[in-house]
Amino acid sequence: MQELAQLSSSALSERYQQSLLGVFGAPQRVLVRGAGCHVWDADGNQYLDLLGGIAVNTLGHANPLLTSVITSQLATLGHVSNFFTSPSQIALAEKLLEISAAPAGSKVFFANSGTEANEAALKLTRRNAGTEAAPRTRVIALEHAFHGRTLGALSLTYKEKYRAPFAPLPQNVTWIPAGDIDALRNAVDETVSAVFIEPIQGEAGVKMLSTEYLQAAREITREAGALLVFDEVQTGMGRTGSFFASAPVIPDVMTLAKGLGGGFPIGAMIVFGEENTKWLTPGDHGTTFGGNPVACAAGLAVIHTIESQNLLEKVRENGTWLREQLCSIAGVSEVRGAGMLTAFELAEANAQKLVAAALDAGFIVNATDEKTIRLAPPLVITQEQLGSFLAALPQLIAAA
Ligand SMILES: *Cc1c(COP(=O)(O)O)cnc(C)c1O
């Protein structure tokens, strides 16, 4: 490690490509340090992080409270296995039930990532199997959905390119157009065990679904005896200006990850209502690391900071302001989002070039397709910092 710290970015990139499996392509930069909403690369260049590790770094980089909570939990009790529990695990479960307005009898399962939370949800919903005479063998998901890369979650993911090389996948899934209530009503019948929905489709380019649609999904699934799963892996934990983008609609199951640990890996599944906790009983599912005391302490510190610093209000205000400003920039053709999850479309299909130009100018942003740029900065980002990107954007668009 010490020896690597002396190397240049390009030398480190070379070493990366010799030792890491090439599933991510070449790294854009080698990053060595972060503080607040900034990170620095191995050559000393500074970047404003408008992606936040893909909606993960809720409190920015090297947040002092998060750092001290993680450090002191690690120094007290780092890992115990699920033969045991710890106060931080219980406290985080209770806190998640509180902020999600879960009815009495609701329960939490901890995992380590978004895809694992969705695997747990898929296993749970497969227990809603119907009868031998009338089995529920199908799952409904939305066109352009992204639910993760492990085989179960991958079966729910829309992109053919991600799925096709790994067929056959374990779940029979039908994708329907997002936001179309009639399509949902037609698709959900007594052969369906569950419907999986992202309240805002993040990887698809921040495609919004209305509360009316989520409410309709709640009613349609209840009538048909199918379970409703909201994947809030990207939208949860304050990202959209409320703790959960789907509030006040309550699903049967909600999955969380990304922002929950503020950068420390953790995922969670919230199972709403006592009647749904029966689907998974002792021995049905498990994990070695899930619910680890350090990860749970991180989650508690994130929620505590969101509450004590009134971050939800700040996120709503800054998000509305950011999107208003984006709308008035020439070359931006459409702006979508909620809170600190925003996408804008470019009139010209050159999003990858804009990402590269932005990086050279000291801004980290992300392209979800050839026309769309996504911003998911730390919730603590200031209007001034957002403003510095807005000021640079016309030139970046011109350069791209
Ligand atoms: C990122 C994401 C996942 C997968 O999470 P990982 O932690 O990468 O496994 C699942 N669902 C949604 C909506 C996501 O944005």
Side-chain angles (χ1 to χ4, degrees), residues 21 23-25 51-58 109-125 139-159 162-163 166 169 171 173 175 178-179 194-209 214 217 228-240 243-246 251 253-270 287 289-292 295 298-299 302 336-343 366-369 372 374-377 379:
L21 194 65
V23 291
F24 299 108
L51 185 59
I54 317 184
V56 166
N57 297 306
T58 318
F109 173 82
F110 286 116
N112 309 288
S113 66
T115 203
E116 274 181 74
N118 284 332
E119 290 295 325
L122 188 59
K123 276 182 77 174
L124 184 149
T125 60
V139 166
I140 304 295
L142 303 185
E143 289 179 4
H144 308 290
F146 182 84
H147 295 291
R149 302 294 208 116
T150 54
L151 289 174
L154 185 61
S155 4
L156 300 163
T157 290
Y158 182 69
K159 245 188 212 171
Y162 290 171
R163 278 183 291 112
F166 304 100
L169 290 169
Q171 181 63 54
V173 177
W175 290 273
V195 176
F196 279 71
I197 294 177
E198 297 161 83
I200 298 174
Q201 296 184 295
E203 296 309 296
V206 191
K207 299 275 174 60
M208 313 293 289
L209 292 173
L214 301 180
L228 179 62
V229 181
F230 286 158
D231 177 345
E232 292 239 23
V233 166
Q234 184 158 160
T235 51
M237 304 320 299
R239 172 64 39 198
T240 64
F243 268 116
F244 306 104
S246 55
V253 174
M254 181 190 283
T255 54
L256 300 170
K258 291 197 166 92
L260 175 55
F264 203 91
I266 180 170
M269 167 173 75
I270 307 179
T287 163
F289 289 122
N292 169 284
V302 166
R336 297 182 294 269
M340 278 299 122
L341 183 60
T342 295
N366 158 253
T368 55
D369 59 40
T372 311
R374 170 176 52 177
L375 309 177
L379 306 188

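Remember, it's 1-based here, ligands and their atoms both numbered in the order they're listed.
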Task: Protein residue, atom and distance nearest to atom 4 (C) of ligand 1, heavy-atom basis - done: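 I find the closest protein heavy atom is T115 N, 3.7 Å.
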
For ligand 1, note which part of [X] has a heavy atom under 4.0 Å away: side chain, backbone, both or neither.
X    : result
S113 : both
K258 : side chain
H147 : backbone
N118 : side chain

TODO: State whether E203 and R374 are salt-bridged, where the test is any N-O pair (Lys NZ or Arg NE/NH1/NH2 against Asp/Glu carboxylate O) under 4.0 Å.
DONE: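 Salt bridge flag = yes for R374 with E203.
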
Open item on the list: I'd like to know if atom 8 (O) of ligand 1 has any protein heavy atom within a distance of less than 4.0 Å.
Closed with: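 No, no protein heavy atom sits under 4.0 Å from atom 8 (O) of ligand 1.
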
TODO: Report the distance from atom CE of M237 to atom CG of L260, rounding to the nearest 0.5 Å.
DONE: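 Result: 5.0 Å between the selected atoms.
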
Which of the atoms in ligand 1, numbered in the order shown and given with their element, are less than 4.0 Å from a heavy-atom of [X]?
X    : result
Q234 : 15 (O)
D231 : 10 (C), 11 (N), 12 (C), 13 (C)
E198 : 13 (C)

Open item on the list: Just to be sure I'm reading this right: ignoring hydrogens, which of G236, G267, G114 gets closest to atom 5 (O) of ligand 1? Compare them by their nearest heavy atoms.
Closed with: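 Considering heavy atoms of G236, G267, G114, the nearest to atom 5 (O) of ligand 1 sits in G114.
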
Open item on the list: For a quick test of reading the model, state the closest non-hydrogen atom pair linking T115 to A153 and the distance between them.
Closed with: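 So the minimum-distance heavy-atom pair works out to OG1-CB, 3.2 Å.
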
Task: Donor-acceptor pair, side chain of R336 and main chain of G205, under 3.5 angstrom - done: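 Yes: the side chain of R336 pairs with the backbone of G205.
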
Task: Among L209, L214, D231, side chain to side chain contact (heavy atoms under 4.5 Å, CB included) partner for P199 - done: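 Exactly one option meets the side chain to side chain contact (heavy atoms under 4.5 Å, CB included) with P199, and it is L214.
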
Task: side chain to side chain contact (heavy atoms under 4.5 Å, CB included), paired with I140, selected from L156, L228, V195 - done: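 Looking at L156, L228, V195, the match for I140 under the side chain to side chain contact (heavy atoms under 4.5 Å, CB included) is V195.
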
Task: Side-chain H-bond candidate by donor/acceptor type, T235 with E198, under 3.5 Å - done: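 Checked: T235/E198 side chains show no N/O donor-acceptor pair below 3.5 Å.
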
